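In what follows, a single structure is set out as C-alpha cells and then discussed.
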Amino acid sequence: MGTGLQKLADERGATLSMVLHAALAVLLRKLGGGDDVTIGSSIAGRTDEALADLIGFFVNTQVLRVDLSGDPSFAGLLAQVRNKALAAYEHQDVQFDALVEAINPERSAAYQPLFQVMLGLQNYERPDFRLPGLEVEAERNALSTAKVDLFFNVVADGSGALRGDISYATQLFDRETVEAVAARFARVLEQVVADPDVCVGDVDVLGADERRRLLVEVNDTAEPTLELVEAVRGRVRAAPEALAVIGEEESLTYRELEARSNRLAHWLVGRGVRAESRVAVCLPRTVNLVVTLLAVLKAGGAYVPIDPDHPRSRIDYILEHADPVLVLDADTLAGADWAGCPDTAPEVVVRPENTQYVIYTSGSTGGRRG
C-alpha cells in the first residue's frame with residue numbers, strides 16, 4: 001500500500017505525511033470526531049542547514065486543524081491539508097508552549113490542551129547510520145506511557161512498504177478496540193488510494209464481518225406479535241399481584257387492572273361499542289386513563305385520546321372530525337354504573353386489521369393518523 005500512497009502524494013504535489021494526515025482526519029470523523037479535527041505531529045526542527053549533521057534532539061510539535069464540513073472529496077481534503085501543512089512548516093520554530101499560551105485553551109490535567117490524537121511518520125533509514133570508529137546498532141525504545149489518547153506511528157522502510165503501531169491510553173481504550181481502529185485506518189487508506197476523488201462521507205470503515213453484525217445480527221429483533229390486551233392477560237397469569245399501574249393517588253396490580261378494565265369493557269359494549277367504533281377518551285393521566293384505554297380495546301373499539309388541558313376549540317375540532325360513539329371524561333366515568341358489570345373479559349372478536357386508536361397530530365395540521 002505504501003507505494004500507492006506515495007504515488008498519490010506525488011500526483012497531488014503532497015508528501016506521504018500529508019496523505020496520512022488527511023486519511024487519519026477522515027478516520028477520526030468516521031469514528032465520531034466531528035468535522036473540526038485537530039491532529040498533532042512531530043517535525044524535525046532543523047530549519048538551519050548548520051544543524052543537518054549535528055547529533056541532537058530538535059523535534060518540535062505542530063498541530064494540524066482539518067475542516068471536513070461539506071463532505072469534501074479526499075483529493076480536496078488533501079489539498080487543504082497540504083496548504084495548512086506548508087503554512088505550518090513556515091512557523092515550525094515556534095515553541096509549543098508559546099503556541100498553547102497564545103491560544104489559551106481550557107486546560108485540564110487529564111488531556112493534552114490542543115489535540116488528543118497524534119501521527120508520527122518515520123521515513124529515514126536507520127541501518128545507514130554510521131559513526132566513525134563506532135559500531136552503531138538501532139534499538140527501539142519501547143514506551144510504556146501514552147503521551148496522548150491515540151498515537152499513530154507509521155514507519156516507511158524505503159522499499160515502499162509501510163508498517164506501524166498505535167500507542168493508546170489504557171484508561172480510555174482496550175487492545176481489541178485499538179486493533180479495530182487500526183484495521184479501519186487501513187481500510188480508509190486502501191479506499192483513498194483506489195479513488196482519490198471519493199467523498200469523505202462515502203468512505204467505508206466497516207469490515208464485512210462488522211457490517212453483517214451491525215446490519216443483520218444486531219437488527220435481528222423480530223419477535224412474535226402480541227397485542228396489548230393479550231399481553232396484559234399474560235402478565236395477570238404470570239404475576240397477578242405485581243404492580244401494573246402506579247398513580248399519585250392509587251395503584252393497581254395486574255389482577256385489579258384486568259378486573260376493572262373488564263367491567264368497563266362490558267359497560268362499553270352495552271353502550272353500542274363495536275369493532276371500528278371510535279371512543280373519545282378525555283382524561284388526565286391517572287390510573288383511570290390506563291383502565292379506560294384498555295377497556296376500549298377489550299370492547300373492540302378504537303380510542304381517540306384527547307388531552308383535557310387542550311383549548312376547548314381544539315377538543316371540539318377533534319370531536320367533530322372523529323365523530324365518536326361515546327365521549328369518556330372524568331364526569332362520565334364517575335356517573336357510569338359499571339362497577340357491577342362482570343369482571344371477566346367480554347366475548348368480543350377483535351381482528352388484527354381492526355383500528356385500535358386514532359390520534360390527531362399537532363394543531364399545526366389537525367390531520368389524524370391511526
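Only this structure's heavy atoms are used, side chains among them; waters, hydrogens and symmetry mates stay out. Here the structure is a predicted model, which is why all the values come from computation and not from measurement.
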Heavy-atom pair with the smallest gap, counting every atom of Ala265 and Ala299: O-CB, 3.9 Å
Salt bridge flag under 4.0 Å for residues Asp209 and Arg213: no
Between Asn153 and Gln122, a side-chain donor and acceptor under 3.5 Å: yes
CA sep, side-chain torsions, deciding dist, call: Glu250, Arg260, salt bridge (charged side-chain N to carboxylate O under 4.0 Å, His left out): CA-CA 13 Å; Glu250 182 184 15; Arg260 189 178 297 189; 2.8 Å; yes
Greater than 12 external heavy atoms within 6.0 Å of Glu217's CD: yes
Phe173 and Tyr168 aromatic ring geometry - parallel, tilted or perpendicular at 30°/60° bounds: perpendicular
Nearest-0.5 Å distance that lies between atom OG in Ser277 and atom CG in Leu326: 8.5 Å
Under 3.5 Å: donor-acceptor pair, side chain of Tyr303, backbone of Leu294: no
Any side-chain donor near an acceptor of the partner, Gln6 and Asp10, under 3.5 Å: yes
Any Val181 side-chain heavy atom under 4.5 Å of Phe152 side chain: yes
Student check: side-chain heavy atoms of Gln80 and Pro72 closer than 4.5 Å: no
Residue pair Leu64 / Thr38, side-chain heavy-atom distance below 4.5 Å: no
Other residues, nucleotides, ligands: >12 heavy atoms within 6.0 Å of Glu353 CD: yes
Distance-only polar pair, side chains of Thr332 and Asp329, donor-acceptor under 3.5 Å: yes
Ile39 versus Val37, closest heavy-atom pair with distance: CG1-CG1, 3.9 Å
Cluster check Val94, Leu114: I/L/V/M/F/W/Y, side chain < 4.5 angstrom: no
Pairs involving residues 6-53, ordered by first then second residue, that meet ring pair (Phe, Tyr, Trp, His ring centres under 6.0 Å) (sequence neighbours left out): none
N/O donor-acceptor pair under 3.5 Å between Gln95 side chain and Asp97 backbone: no
Pair Leu20-Leu119, side-chain contact (heavy atoms from CB on, under 4.5 Å): steps then yes or no: CA-CA 8 Å; Leu20 293 173; Leu119 173 67; 3.8 Å; yes
Linked, directly or transitively: Leu215 and Val203 (ILVMFWY side chains, under 4.5 Å): no
Side-chain cluster (under 4.5 Å, hydrophobic types only) that Leu243 belongs to, other residues: Ile246
Between SG on residue Cys199 and CG on residue Leu77, distance to nearest 0.5 Å: 11.0 Å
Flag side-chain contact, heavy atom, 4.5 Å: Asn219 against Val216: no
Derivation of the salt bridge (charged side-chain N to carboxylate O under 4.0 Å, His left out) call for Arg65 and Asp36: CA-CA 7 Å; Arg65 186 175 183 181; Asp36 187 2; 2.6 Å; yes
Non-hydrogen atoms of Asn262 and Lys298 that approach each other most closely: OD1-NZ, 2.8 Å
Between CG on residue Leu189 and CG on residue Leu162, distance to nearest 0.5 Å: 8.0 Å
Closest non-hydrogen atom pair between Ala302 and Tyr357, with its separation: CB-N, 3.9 Å
Gap separating the CZ atom of Arg12 from the CZ atom of Phe74, nearest 0.5 angstrom: 9.5 Å
Any donor-acceptor pair under 3.5 Å from Arg278 side chain to Val304 backbone: no
Flag for Ser69-Asp67: side-chain donor and acceptor within less than 3.5 Å: yes
Sub-4.5 Å side-chain heavy-atom contact between Glu241 and Arg255: yes
Separation of Leu78 CG from Ser73 OG (nearest 0.5 Å): 9.5 Å
Pairwise side-chain contact, Val245 with Ser251, heavy-atom cut-off 4.5 Å (strictly under): no
Any Val81 side-chain heavy atom under 4.5 Å of Met18 side chain: yes
Enclosure of Asp174 CG (heavy-atom neighbours >12, cutoff 6.0 Å): yes
Transitive ILVMFWY side-chain link Val296 to Val349, under 4.5 Å: no
Worked verdict on His321 versus Tyr360 for side-chain contact (heavy atoms from CB on, under 4.5 Å): CA-CA 10 Å; His321 286 79; Tyr360 281 70; 3.3 Å; yes
Verify same cluster id: Val155, Leu5 (apolar side-chain graph, 4.5 Å): no
Glu256 bridged to Arg263 by N-O distance under 4.0 Å: no
Asp35 bridged to Arg29 by N-O distance under 4.0 Å: yes
Heavy atoms from other residues, nucleotides or ligands near CD of Glu176 exceed 12 (cutoff 6.0 Å): no
Pair Leu86-Arg82, side-chain contact (heavy atoms from CB on, under 4.5 Å): steps then yes or no: CA-CA 6 Å; Leu86 291 176; Arg82 177 184 180 277; 3.7 Å; yes
Pair Glu230 + Arg237, salt bridge at N-O below 4.0 Å: yes
Listed partners of Arg211 passing salt bridge (charged side-chain N to carboxylate O under 4.0 Å, His left out), at least two apart: Asp204
Validation row: Asp343, Glu258 side chains within 4.5 angstrom (heavy atoms): no
Same cluster (ILVMFWY, side-chain, under 4.5 Å), Leu293 and Leu228: yes
Audit row: Val269, Arg274, side-chain contact (heavy atoms from CB on, under 4.5 Å) steps and yes/no: CA-CA 7 Å; Val269 170; Arg274 301 289 185 271; 3.8 Å; yes
Distance in Å, Arg175 CZ paired with Thr170 OG1, rounded so as to fall on 0.5 Å steps: 13.0 Å
Other residues, nucleotides, ligands: >12 heavy atoms within 6.0 Å of Glu101 CD: no
Shortest non-hydrogen contact from Asp202 toward Lys30: N-NZ, 4.3 Å
Considering all heavy atoms, the nearest Asn60-Gln92 contact: ND2-O, 2.8 Å
